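Below is one structure, written out as C-alpha cells; the observations come after it.
Just so we're clear, the structure is a prediction, and the values are computed from it rather than from any experiment. Just so it is clear, the values below take in all heavy atoms, side chains as well, and ignore hydrogens, waters and symmetry mates. Letters A, B, ... mirror the listed sequences (proteins, then strands); counts begin at 1.
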2 protein chains.
Amino acid sequence: MRAEEREEIVRLPLLAACRPETADFLLRGAFVQRFPAHTNLTREGEKADFLYAVLSGSIELSAAYLDRETTIAVIGAPHTFIVAAVVLDRLYLQSARVMEPARILMLPSESVRQAMRGDAGFATAIAEEMANSYRNVAQELKNQKLRTSLERLANWLVHRDKETGGGHRFVLPYEKKILAARLGMAPEVLSRAFATLAQYDVHVDSATIIVKDWKALEKLAHPDPLIDDETI
Amino acid sequence: MRAEEREEIVRLPLLAACRPETADFLLRGAFVQRFPAHTNLTREGEKADFLYAVLSGSIELSAAYLDRETTIAVIGAPHTFIVAAVVLDRLYLQSARVMEPARILMLPSESVRQAMRGDAGFATAIAEEMANSYRNVAQELKNQKLRTSLERLANWLVHRDKETGGGHRFVLPYEKKILAARLGMAPEVLSRAFATLAQYDVHVDSATIIVKDWKALEKLAHPDPLIDDETI
DNA sequence: ACCGTGACTTGATAAATATCAAGTATCGGG
DNA sequence: CCCGATACTTGATATTTATCAAGTCACGGT
C-alpha cells in the first residue's frame, strides 16, 4: 500500500478516531483494489468475509426475491457497506455491484471484530457508521411506506438538486432503470412520472433534468427533513 | 433501583459485555419506569435525550408524513429502541408509544456516548445492537419493496407461528389496525387479505388464527431467510 | 344495563402501480 | 459506419391497493 493511499485511508471516518496501533493492525490485513463497472463484490446469502469501504466510484446494493429484484441503495465515497454483517459475523443481506469503476478498501472481517474489542474509539466509529446506515434505511422505509411513486420521484429530484449545488439543472447519476428500482417502481412508471412532472415545469432531456419552476416542484414534493435529510 | 432489578438490567445484551465500572457509571444516571398503555415516550423530531430499553411490555414505533402515519416496528424485551439517534446525538426519526403496559429502562444519552468512548466492550455491544436494528429494517425494506400485501401477511403469519411455538394456532399480539400499518396496507386491505386466505385454509376468529393447511400457506408465502429470519 | 366510541368487515368505486407489447433511440463493438 | 443489444417511451390493459360509505360488533365507562 502506497504512503499517500494510506494517508487517504486513515482519514476515512471509520479510522480517523482509532488508535494508531489499531489502524496499523487493521491495515496489515487490508488491501485496496480497483474494480471495473459491473463487478459483483458480494452476493446476498454469502458469509461476510470483508468489510468494504468506497474510496472512489460507486456501488449499487440490491436484493432479490423469487424472480424480482430491487435496488436498496447506491453508495459512494467515503462510505462503507455491509458493515452490519461483518459486525455480527452473519450472512450478507444484500448484493453489491460496482456501478462506476471503483477503488475499494477491503478489511478482513475477523480483524474488524477483533479491533472493535480492543479499541473503544474504533468500536465507537463502527457504531456511528452503523447508526448512520440505520437511519438511512429507516428513512427509506418511511419514504416507501408513506409516499406515492410520484412523490418519491419529486423528492428525489429536490434532494438531488440540493446535493449538486442547487443549480436546478443536473444530470442523472445513473440509468433510469436503476433509478426506478431505487425509488421502488417499474421503469415504465418512472417514465410516466417524469411525463407527469412536465406539468410542474420539470424538463427531461435524456439524462439531463431542468427544474424551471422550483416552487411548484417543492410544493408537490413536500420534502420532510425526517425523511430526506441524511444529516438531521 | 432494587438489587434484583439491577441484576435484570446488567443481563441485558447491551450491558452484559461491558466493564463493571461502566455499568455502575451508566446506572448511576439511569432509571426504570412503568408506563401504562398509550403513553407517548418520544415524538419524531425531538432531540434524543435518552436511550430506551424494554424490560417488559411492548412498544410501537411509528412515523408520520403529511396526514399519513405508519407503524415501523413493534419492540419487546429485551430490545432497545432509538439507539441510533442517541449514538449520533441527533433527532428521533420515529415516535414511540407504549402498546402493552411496559417497564422501561432509560439511560441519559450523554452518559451512553461517554461510556462508549471509554469502554470498548460497551461500544461493541452498542454497535452490535445497531447492526441488528439495521438488519431488521433492511429486511423490512425488502419485504415492502419485493412483496405484495397478501405475501407480506402470509409471511407474517408463518413467522409468527414459528415464533409462538409452531402450534399452527395463535392469537394476534395486537390490533388488526396496527398489524395493517405494520405490514404497510390499509385496514380494509388486511381484512380482505384474511378473507382471501380462507382459500388456503387459514381460519380467523376475531384475533385467533388457525392454520389448517400449513403447506398451502407456506407455499403461498415463500418465506426467505434473508427477509424473514432475524438471526441469520 | 345502556350508551357511545371505535374496531372490524364488506361493498362499491377510484387511484396507483404493474405488466405486456411495440416502437424509437442510443451506445458500444466489430 | 453498421449492427445488435439494450434502454427508454408510450399505449393498452390487468392487478394491486386505497378510499368512501355503511353496517355490525365488542368493550369500557357511566
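- C/dA16 atom P lies 12 Å from atom CZ of A/Arg152, rounded to whole Å.
- Taking each heavy atom of B/Gln94 and B/Thr42 in turn, the nearest pair found is O-OG1, 3.4 Å.
- A/Asp229 is linked by a side-chain hydrogen bond (donor to acceptor under 3.5 Å, both in side chains) to A/Thr231, counting only residues two or more places apart in sequence or in another chain.
- Scored by the ring-ring contact (aromatic ring centres under 6.0 Å, His included) test, A/Phe194 finds no partners at all (sequence neighbours excluded).
- Between the CG atom of A/Leu150 and the P atom of C/dA15 there is a distance of 15 Å, given to the nearest Å.
- For the helix from C/dA1-D/dT30 to C/dG30-D/dC1, the angle separating the two terminal helix axes comes to 50°, with each axis derived from five pairs and the value rounded to 10°.
- Evaluation of the salt bridge (Lys or Arg N to Asp or Glu O under 4.0 Å) rule for B/Glu128 yields no partner, not counting sequence neighbours.
- For A/Tyr65 (side chain) and B/Lys145 (main-chain N/O), no donor-acceptor pair under 3.5 Å exists by modelled atom type.
- Here D/dT17 presents its C1' atom at 15 Å from CG of A/Leu146, a figure rounded to the nearest Å.
- Judged by distance alone, with hydrogens and angles left aside, the side-chain atoms of A/Arg152 form a donor-acceptor pair with the main-chain N or O of A/Arg147 at under 3.5 Å.
- In this structure, the side-chain hydrogen bond (donor to acceptor under 3.5 Å, both in side chains) partners of B/Arg97, at least two apart in sequence or on a different chain, are B/Glu60.
- Applying the ring-ring contact (aromatic ring centres under 6.0 Å, His included) test to A/Tyr134 and every residue at least two apart in sequence or in another chain returns nothing.
- Near DNA chain D, meaning a heavy atom under 4.0 Å from it, residues 169-180 of chain A has A/Glu175, A/Lys176, A/Lys177 in order of number.
- Atom CG of B/Leu153 is separated from atom C1' of D/dT17 by 14 Å (rounded to the nearest Å).
- Taken to the nearest 0.5 Å, the CG atom of A/Leu217 stands 8.5 Å off from the CG atom of A/Asp161.
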Pairs under 3.5 angstrom, nitrogen or oxygen only, protein versus nucleotides 13-16 of chain D, please.
none

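- Under the ring-ring contact (aromatic ring centres under 6.0 Å, His included) criterion, A/Tyr174 pairs with no residue at all, not counting sequence neighbours.
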In 5'-to-3' order, the base (B), backbone-only (S) or no-contact (-) status of each nucleotide in nucleotides 18-30 of chain C, using a 4.0 angstrom heavy-atom cut-off, is BBB----------

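- Atom NE2 of A/His203 is separated from atom CZ of A/Arg169 by 11.5 Å, given to the nearest 0.5 angstrom.
- Looking at A/Arg103, A/Arg11, A/Arg34 one by one, the single match for salt bridge (Lys or Arg N to Asp or Glu O under 4.0 Å) with A/Glu5 turns out to be A/Arg103.
- For the pair A/Ile72 and A/Arg182, the tightest heavy-atom approach, listed with the atom from each and the gap, is O-NE, 4.1 Å.
- Note on ring orientation: taking the six-membered ring where Trp is involved, the planes of A/Phe50 and A/Phe31 are perpendicular (angle over 60°, cut-offs 30° and 60°).
- One atom, CG of A/Leu190, and another, C1' of C/dA16, lie 15 Å apart when rounded to the nearest Å.
- Contact check of residues 137-145 of chain A against DNA chain C (heavy atom, cut-off under 4.0 Å) returns no residues at all.
- Residues meeting the side-chain hydrogen bond (donor to acceptor under 3.5 Å, both in side chains) test with B/Ser191, sequence neighbours left out: none.
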